[in-house]
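Reckoned from all heavy atoms, side chains included, excluding hydrogens, waters and symmetry mates. Below, chain A is the first sequence line, B the second, and so on; all start at residue 1. On a predicted model such as this, the values are computed, not experimentally measured, just so you know.
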Amino acid sequence: MKPRVAIFDFACCEGCQLQILNMEEELLELLSVIDPVEWREAMSDRSEDYDIAIVEGSITREQDADRLRAIRERAKVLIAIGACATLGGVNRLKNHFPMAEVQKIVYGDAAAMPHLATMPTRAIDEIVKVDYKVEGCPINAQELSRVIRALLAGSAPATPDYPLCVECKKGENPCRYDYGEICLGPLTRAGCNAWCPSNGFWCFGCRGLLDDANVEAAEKVMEQYGRTADELREKIILFNTPREPGE
Amino acid sequence: MTAPRPDETDIYLPRPATLIETESLTAHERFFRFEMDAGVELSYRPGQFLEISMPGFGECPISISSAPSAGGDRGFELVVRRVGNVTRALHGLEPGDRIGVRGPFGAPFPVEDALTGHDLLFICGGLGLVPLRSAINYVLNRRDDYGEVTVLLGARTPADRLFTRELYAWKLRDDLVLEETVDAADPSWGAHVGVITKLIPRLKLAPENTRALICGPPIMYRFVLKELEKQGMSAEHIYLSLERRMKCGVGKCGHCQINGLYTCRQGPVFKYADIAAVREAI
Amino acid sequence: MPQKLIDQSSLGHWVAALIAEHKVYGVQAKADRFAFDALTEADDLRLDHDVTILPPKKYFHPPQEILLQFDREAMTFESVFHAEPFILLGVHPYDMAAISQLDKVFSMDHRDRHYLARREAATIVVCDVQTASPEVFAGCMGHATMEGQSGHDMLLTLLDDGRYLVDPVSAKGEALMGPLAHAPEADQAALQARKRVWDRNRRQLQKNKLKMKPSELPGLLAGSYDHPVWEERAELCYSCGSCNLVCPTCYCFDLRDELNWDLRTGRRLREWDGCMLRGFAAVAGGHNFRARRADRYRHRYFRKGKYTWEAYGEIACVGCGRCISACTANIANPVEVFNRLLEER
Amino acid sequence: MPSKKIDIDVRHITRVEGHGNILVRARDGVIEKTEWQVPEAPRFFEAMVRGCSFQDIQTIVSRICGICSVTHSLAALKALEDALGVEVSEQTIRLRILAHYGEQLESHSLHVGYLAAPDLLGRKSVIPLAASHPDLVRTVIAIHRAGNLIMEKLAGRKTHPVRLIPGGFAMLPTAADLRALKHELEATLPRLQVLAEAVAGLAGAFPAFERDTEYVALMKEPTYPYYHGDIGSSDTGEKVPVREFERVVNEYVTPQSTAKWTRWHRESYMVGALARFNLNGTWLQPLAKATAEALGLRQGCCNPYLNNLAQVVESVHVVERSLQLIDELLSAGIRPETPKVAPRAGVGVGAVEAPRGVLFHKYELDAKGNCLSANMCIPTNQNHANIQQDLEALVPQIIDRERDEIRRLMEMLVRAYDPCISCSTHFLNVEFV
Ligand SMILES: Cc1cc2nc3c(=O)[nH]c(=O)nc-3n(C[C@H](O)[C@H](O)[C@H](O)COP(=O)(O)OP(=O)(O)OC[C@H]3O[C@@H](n4cnc5c(N)ncnc54)[C@H](O)[C@@H]3O)c2cc1C
Ligand code: SF4
Ligand code: SF4
Ligand code: SF4
């Protein structure tokens, strides 16, 4: 029997779900091996009975955390897709400000209204257990496809634990540092085929920092390029704002 | 360099084998007996390993645990610890299921030459029994060619012991001394408790005439070697089987290098004298 | 074999003729750098390049290649070989030296048919260096020219008078000479002129100066295992493997399986790996045989200067200088490290 | 006889981008409540970009919306360049417009083919259509892929562009890229004809609902603009410069509402494909014009359901225009350019037409080029009040129908707007009944 798959989203741009639709013809192959039972962006069907939950987006409100917990209860396997789900995404930038200030900036005088409450952005695995992560902003459909095929075959898909530079070099890109830019490739988990440097742009770290990212080295190395550790940190926080303030 | 010949084997091409028999040994380790397809024989020596393919999951090196018979063998035995994708997939196999096999690869224990006529001391830590079992049974099949045979065995707990029936049979033999120890005992345990090195001084070794064969977890070697040296054994007479990360098994992929040595070609069985000065070895 | 002299425009016509009949890869501009790529226009060929981002090894040992196809229900495996003939235009002598090293690695003992098939399919046209790259030191490593080296099929040299000396050195190379039948043969003067280019290149391809003979490296390293340089420099190492991946002599790889959507058939892939990457020597159970950055950092230099010498009789650095520019932390310069070891021996 | 009671409570309408709810309560034909609500979690982009460098802003704000990320990047880049006093080259403008056409094509084909088509064919999603109408689905996929391909070749990827940077392009397409695109787009035109015919055949499935509406879009005669222009309205002939967009959108927070709403000359206005068609239809390309005719779509149309038809017409238009642009680019040759942008203090505004309507970004930068404040006004926000007005006008006309039918027609109406709710930089959070 085909596994029942449900796709859910929380605070995000839904760009990762879009990558699933962007699989184009391959989407038909995906649909030949799974049974999608809920996918609000693309289907009107609903179900509470599923094997695999694919979750996109970050958690910014208590009621969303509750909904996520309910999803976790029902799913045998939970896959977090995209930077919002795995890291908190750009949404986490707001954690640098007090929440009251964030609301004020956007809503002005209306900010005091109780239904505008928001909480610091959290990634999915800060609320529930995540079985697999597909990193990236947006995810790479090829990677999701590989993860799903591996899972369906009973294999545990792994994310690379080496820096992006590996894939960047394999792609034979000129290095962004040669142009005086700050690229987070040496600190960032590979897996996207160095999508951004391959298009002439620096890596901004959307796949998350490596477990052993040598940030101290990077801070020292900045000087060699006439840049500062502060500039480096400004780049890092775009997608890798620490989980706890000051962490 | 010469052009590839069309009939030349592809060193990455596995050959199919069928699972004949499998049995759980511990919570994490399983025994397997496979047979190559009719007409295909593996001629392997104790200490060698195979690259086992579970297509879709990958490939990994696994020591041959059975003893070779006189001619070639269609059958071979493995013991696999479940740690990742390939090994988990192997644990899911049922008799009749098929796998892919490359090999045998690697340098064996010199059971046919350097070891004959000598007392043999086997020191096995945990999964280290798996390749050494091949050598032990090889020796037991030709018992007269060797002197005293002593087997030291260490396991984490009694429940982690492999091949318990076979160990019992060895225990009953009077031409083999088997001493066992565990790190943590349970109430039923009647043998030693503690690290395997503690068993060595109790042996009445004839250091000149003894040849030691060792396999175990990375941390075990240093202590065992120190103890053997203390007993007066020469590095020339000690053989170690070492594990490393390994992908190709044929000296190309670079993963298994110990400094400049390839574990898959110069090893996995090394004479201690050859690697005593190799810094990454022990 | 006939050596010919041609001018730049006949070279263009000749390349165009090659493109018309063969699959040709040649050096071309990539942004403001250079790279080997499929050549569709003779004008795109840049024989004046200083160095390519990746070495031409990518045509023999690609970043990713399919080794096998399998069917897991039938448990069948089928080798995939790539034997489509191709011409490689513009390989520099140091890169040719590196290809010859790979030839040894992949043909000794267990012969690697996948590599050998690609290698056999290639016709390699080496071109003497016209522009020295900022970091090159092939002159120190003995690989500035093709003198005393082999493995290639043809050598092109731009002489000072603006003409090219075309020198086929194998049957494959000679087979490319057809369109040049009417070109004048190279005379003694031309061969002398080539000698001058070689002499000059030997001197000029020394942007970094190695203060010893390459053959002294194994001995030097043997006494330097505990030198402080490894710890000091590795502090800035990202473990990014860039120095491995751009190196023409590095060949380490990983094997990985991928399934098709039928979840039954799939392929086994070979992908470049690198000894500087953290997990390179990690095994099940979490043990890592080179867990520290310094362990991995030292290993790379030992492989370059000692281990490969012991296994294949080769120093695994040809002096292309790629690792120097690829390292964003600026710590991967072999010459700096080796010279320091020499000074502090 | 029990009184007829209708309670419709669609929590999270499906096949739209983001979360929206529809609520209707009626007793004995008396409509007590008709509400369009948006429970999307707010994301506070205006707060998030504060303090960020102008170099990182397009990276952040493209994440406002996955489906119109090129549009958001372009609006941001135009605003930033306005603030920094940067003039971009003609080549950059052409390439940007081409990338932007890719997004229009991708978004419109996604909306018509994947999200709206199931309504017209009485299905719950595109998935059963793959079995029942395989040829149509494959045609839609091919069109969608063409749109994506433009973005990939021009912007570097399908979603969240990386090549679009202040001052120009981080990497330029090659002539070979453009030729490949041309090839693909030439094959797309006949596919669009197939789609248009299929949609024309389903014209009966569009409800005949009309409501006199103010339409707002960028205008720049004699073109059908997405990237250039001033703000125009169907109510007046006035053209408002983009810099004065705040005079048009008049954002306000209503106590009963879930979002900041907007209004100009009336209670509400509509932006998007239909608005553009009504204001600029004269300047469509010939095939697009012919397609409009074949679909029976005429300027002055005020049936919001027919927004889908306008999307089909626009799809044809952008492909025709893309082919022209590619020819212009190829004959001029791609010149290498390295964007150089220096920071300075300033305020800038940028507007572009998103697939769903006109989008405004505004930034204030300090001397280092770091963002002091930001404001983004997105099309779906501008449409919310109009959706509410449409629903209020629609429900009395259909209140005697079956509950499910009422629900279906309301959902379909909302869906016709192609709302992009996750763009909700402004949305409020509400308690539900
Ligand atoms: C010569 C030799 C003989 C061996 N004999 C046996 C044996 O008889 N029985 C047995 O159970 N195991 C044996 N091993 C270990 C076995 O190869 C690894 O446990 C196995 O590769 C793990 O594969 P996996 O796919 O299940 O795990 P993976 O999912 O690949 O990874 C799990 C962990 O294993 C590590 N790993 C991955 N590949 C290898 C590799 N090739 N070698 C070592 N570690 C790796 C990874 O770093 C990771 O931490 C032997 C290893 C060698 C080198
Ligand atoms: S561009 Fe970035 S990812 Fe690529 S090599 Fe340079 S630092 Fe690494
Ligand atoms: S070690 Fe560095 S300089 Fe030497 S061959 Fe490799 S990349 Fe070139
Ligand atoms: S390129 Fe530099 S930083 Fe990267 S692994 Fe090599 S030495 Fe370390």
**Q** Go through the atoms of A:S145 and report whether side chain, backbone, both or neither lie under 4.5 Å from a heavy atom of chain C.
**A**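 Answer is both: backbone and side chain atoms of A:S145 are under 4.5 Å from chain C.
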**Q** Decide yes or no for C:K58 and A:K170: does some side-chain heavy atom of the first lie under 4.5 Å from some side-chain heavy atom of the second?
**A** no
**Q** So how far is it from C:S242 OG to A:Y177 OH, rounded to the nearest 0.5 Å?
**A**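 One gets 11.0 Å once the value is rounded to the nearest 0.5 Å.
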**Q** Taking all atoms of both residues into account, what is the closest heavy-atom pair of A:C165 and C:C240, and its distance?
**A**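 Here A:C165 and C:C240 meet closest at CB-CB, 3.9 Å.
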**Q** What salt bridge (Lys or Arg N to Asp or Glu O under 4.0 Å) pairs are there with at least one residue in residues 23-37 of chain C, not counting sequence neighbours?
**A** A:D178-C:R33
**Q** Which pair of non-hydrogen atoms, one from A:E172 and one from C:L54, has the smallest distance, and what is that distance?
**A** OE2-N, 2.8 Å
**Q** Between C:A35 and chain A, which part of the residue has a heavy atom less than 4.5 Å away: side chain, backbone, both or neither?
**A**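 Contact with chain A involves both backbone and side-chain atoms of C:A35.
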**Q** Under 4.5 Å heavy-atom distance to chain C, tell me which part of A:Q224 shows up: side chain, backbone, both or neither.
**A** side chain
**Q** Taking side chain as everything from C-beta outward and backbone as N, CA, C, O, which of these in C:R264 sits under 4.5 Å from a heavy atom of chain A? Side chain, backbone, both or neither.
**A**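 No part of it gets close to chain A.
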**Q** Pick from C:I331, C:N330, C:L236: which one makes a side-chain contact (heavy atoms from CB on, under 4.5 Å) with A:V221?
**A** C:L236
**Q** What part of C:L277 gets closer than 4.5 Å to chain A, counting heavy atoms only: side chain, backbone, both or neither?
**A**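 For C:L277, the contact with chain A is made by the side chain alone.
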**Q** Counting only non-hydrogen atoms closer than 4.5 Å, does C:R256 touch chain A with its backbone (N, CA, C, O), its side chain (CB onward), both, or neither?
**A**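 Side chain of C:R256 only, per the 4.5 Å heavy-atom cut-off to chain A.
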**Q** Provide the closest heavy-atom pair for A:P163 versus C:Y238 in the form atom of the first, atom of the second, distance.
**A**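 Shortest heavy-atom separation between A:P163 and C:Y238 comes out as CG-O, 3.9 Å.
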**Q** Sort A:L30 into side chain, backbone, both or neither according to what part of it lies under 4.5 angstrom from a heavy atom of chain C.
**A**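 Both backbone and side chain.
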**Q** Is A:R149 close to chain C through its backbone or its side chain, or both, or neither, when contacts mean heavy atoms under 4.5 Å?
**A** both
**Q** Is it the backbone or the side chain of A:V33 that comes under 4.5 Å from a heavy atom of chain C, or both, or neither?
**A**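 When you check distances to chain C, only side chain atoms of A:V33 fall under 4.5 Å.
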**Q** Contact between A:C175 and C:T328 at the side-chain level, heavy atoms closer than 4.5 Å - yes or no?
**A**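 Yes; the side chains approach each other to less than 4.5 Å.
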**Q** Quick one, A:E26 and C:W261 - any side-chain contact, counting heavy atoms below 4.5 Å?
**A**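 Yes, their side chains come closer than 4.5 Å.
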**Q** Heavy-atom cut-off 4.5 Å, strictly under: side chain, backbone, both or neither for C:L263 against chain A?
**A**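 Contact with chain A is through the side chain of C:L263 alone.
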**Q** Any non-hydrogen side-chain atom of C:L245 less than 4.5 Å from a side-chain atom of A:V166?
**A**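 A side-chain contact exists here, since the closest heavy-atom pair is under 4.5 Å.
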**Q** Just checking heavy atoms, which of residues 180-204 of chain A are less than 4.5 Å from chain C?
**A**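 The list, in residue order, reads A:P186, A:L187.
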**Q** Do C:E235 and A:N214 have side-chain heavy atoms sitting under 4.5 Å apart?
**A**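 Not touching, per the 4.5 Å side-chain cut-off.
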